[in-house]
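Here, residue 1 is the first one in the sequence, and each next residue gets the next number. These numbers come from a predicted model, not from an experiment.
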Amino acid sequence: MDESKFPQPTSAQLDGFVNGDPIAIQESIELLLPPLIRWAKSNYAGLAADEVESLMHQVFGEVCINHDRYDRKRSKLTTYILNLFKLRVRDLLQQAAENKKLISLDADIKYEKSLATPYNYTDEEEQNISVQRFFEQVEQYLEPLEIEFLGLMRSGVKDSERFVTILLNHRTDVNDLTKEVKNTKERLYRKIRTIADELNVVLTDLF
């Protein structure tokens, strides 16, 4: 993320923030909260704006309460807050999926287990984790044939013979193999889109 878009507290304000000085904390809130909310609404436009704003307030509030956890030597305060926010959004979507019975309860990833993550979390890592988790959820609702097709599609395989081989391993009643490969891919795409809609996942560049 481009830190230049955000204002930053002064060194004195950061010292006060980490030490729990209420004036420094309030000054940091007034300086950072508005642009962070704008960033969140812009980058998570698929979620309800009021929910995004509420979640940012919640995350920022928790950072202020646990001010001594922030290590200014490891990241900017805005980076720390934004990465915590990303984790919370991820957990929120995870919980929403659980409520719809799309994934099992034991797959829930708790925020408290990722205290070190805000310092090391990158946009690329976030995307990779989100995509991987999405497909793990998808596979729970696919047939064995579809799972193997999906593996080839995600690997960028274009060779139709590879798909035909998988098809023959699962089906013996196919007359037109080329047509059935195409139909299987189309059914798989539709199924993935349906699950993506349920999870508010944008399918751009997933394959």
### Query
Between D173 and R171, is the closest basic N to carboxylate O distance under 4.0 Å?
yes

### R74 side chain reached by T79 side chain, heavy atoms, under 4.5 Å
no

### Summary
In this structure, CE of M56 is separated from CH2 of W39 (nearest 0.5 Å) by 6.0 Å

### Query
What is the minimum heavy-atom distance between P9 and L77, and which atoms define it?
CG-CD2, 4.2 Å

### Query
F85 and L36: side chain to side chain contact (heavy atoms under 4.5 Å, CB included), yes or no, with the steps?
CA-CA 10 Å; F85 178 82; L36 288 177; over 6 Å; no

### Any E186 side-chain heavy atom under 4.5 Å of R190 side chain
yes

### Inter-residue atom distance R38.CZ - E53.CD, 0.5 Å rounding
11.0 Å

### Query
Would you say the side-chain atoms of E143 and H170 include a donor-acceptor pair closer than 3.5 Å?
no

### Task
Looking only at non-hydrogen atoms, find the nearest pair between D21 and A24 and report the distance.
OD2-N, 2.9 Å

#### Entry: Backbone N/O of D50 and side chain of S54: donor-acceptor pair under 3.5 Å
no

### Summary
Distance col, row K76:NZ vs I81:CD1, nearest 0.5 angstrom, shows 13.0 Å

### Message
Do F149 and Y141 land in one hydrophobic cluster if side-chain heavy atoms of ILVMFWY residues count as linked below 4.5 Å?
### Response
yes

### Task
Measure from NZ or CZ of K185 to the centre of the six-membered ring of F163 and say whether it is under 6.0 Å with the direction within 45° of the ring axis.
yes

### Task
Determine the minimum heavy-atom distance between C64 and I25, stating which atoms define it.
SG-CG2, 3.7 Å

### Message
Donor-acceptor pair, distance only, cut-off 3.5 Å: does the side chain of Y70 make one with the backbone of V63?
### Response
no

### Query
Would you call R187-E180 a salt bridge at under 4.0 Å N-O?
yes

### Task
With side chain to side chain contact (heavy atoms under 4.5 Å, CB included) as the test, would you mind laying out the steps for F17 and I29 before giving the verdict?
CA-CA 10 Å; F17 183 94; I29 292 173; 5.9 Å; no

### Task
Could you grab the distance from atom OG1 of T184 to atom CG of L150, nearest 0.5 Å is fine?
13.0 Å

### Query
Atom OG1 in T78, atom CG in L33: separation rounded to 0.5 Å?
12.5 Å

#### Entry: Value rounded to 0.5 Å, distance of CG in L177 from NZ in K179
12.5 Å

### Message
By the side chain to side chain donor-acceptor pair (under 3.5 Å) test, which pairs, at least two apart or in different chains, include something from residues 22-31?
### Response
Q13-E27, Q26-E30

### Query
Quick one: are I166 and R162 in side-chain contact, heavy atoms under 4.5 Å?
no

### Message
Assigning hydrophobic clusters by single linkage (Ile, Leu, Val, Met, Phe, Trp, Tyr; side-chain heavy-atom cutoff under 4.5 Å), is Y189 placed with L152?
### Response
yes

### Message
Between R69 and Y80, is the side chain to side chain contact (heavy atoms under 4.5 Å, CB included) condition met? List the steps.
### Response
CA-CA 10 Å; R69 290 184 181 177; Y80 182 74; 3.8 Å; yes

### Task
State yes or no: do L168 and V157 share one hydrophobic cluster built from I, L, V, M, F, W and Y residues joined by side-chain heavy-atom distances below 4.5 Å, directly or via other members?
yes

### Query
Which pair of non-hydrogen atoms, one from K41 and one from A49, has the smallest distance, and what is that distance?
CE-O, 3.7 Å

### Query
Would K191 and V138 satisfy side chain to side chain contact (heavy atoms under 4.5 Å, CB included), going step by step from the backbone distance to the final call?
CA-CA 9 Å; K191 188 174 290 188; V138 167; 6.0 Å; no

### Query
Between E62 and R88, is there a salt bridge with N-O shorter than 4.0 Å?
yes

### Message
Which heavy atom of F60 sits nearest to which heavy atom of L32, and what is that distance?
### Response
CE1-CB, 3.8 Å

